[in-house]
Amino acid sequence: MLRHEFRPGRAVAGLVMLALAGGYAADAAGAWDAPWTFFLPLFLGGLGLAAAVTWASYRVRRRREARKASAENTVAPASTSGSHAIR
């Protein structure tokens, strides 16, 4: 049994932040000489990638829940979009 739902967007964001931290650590240790302008596009690109992955996983999860809700009932299903309309 899972404790919580897997969130791939957060995993991508975490991996990007670890890569940035490693780059800054290597730069601070003198092992790598990188300008600060290298890290800014990496940071913004990583956030954009994490947002895209989050959006895609949301769409997949929502579609899966809608299919599951419609397969469980033989009567007209309630709206899965959050509407409180009565059937």
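All heavy atoms count here, side chains included; hydrogens, waters and symmetry mates do not. If you read the sequence from its start, that first residue is 1, and numbering goes on from there.
Other residues, nucleotides and ligands contribute at most 12 non-hydrogen atoms within 6.0 Å of the CH2 atom of Trp55.
Of all heavy-atom pairs between Ala50 and Gly9, the closest is CB-O, 3.5 Å.
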side-chain contact (heavy atoms from CB on, under 4.5 Å) evaluation trace for Val12 with Arg7: CA-CA 9 Å; Val12 169; Arg7 303 286 181 152; over 6 Å; no

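Taking Tyr24 as the reference, Phe39 meet the ring pair (Phe, Tyr, Trp, His ring centres under 6.0 Å) condition, with sequence neighbours excluded. Residues forming a salt bridge (charged side-chain N to carboxylate O under 4.0 Å, His left out) with Arg10 (at least two apart in sequence, or on another chain): none. Looking at residues two or more places apart in sequence or on another chain, you find a side chain to side chain donor-acceptor pair (under 3.5 Å) between Arg61 and Glu5.
Here the OG1-CG distance, from Thr54 to Leu49, works out to 9.0 Å after rounding to the nearest 0.5 Å.
Leu15 and Phe6 are not part of a single hydrophobic cluster, where members link through side-chain heavy atoms under 4.5 Å apart. One hydrophobic cluster, built from ILVMFWY side chains closer than 4.5 Å, cannot hold both Tyr58 and Val53; they sit in different ones. Under the 4.5 Å side-chain contact rule for hydrophobic residues, Trp32 and Leu20 share a cluster. Tracing side-chain contacts under 4.5 Å through hydrophobic residues (I, L, V, M, F, W, Y), one never reaches Leu18 starting from Leu47; they form parts of separate clusters.
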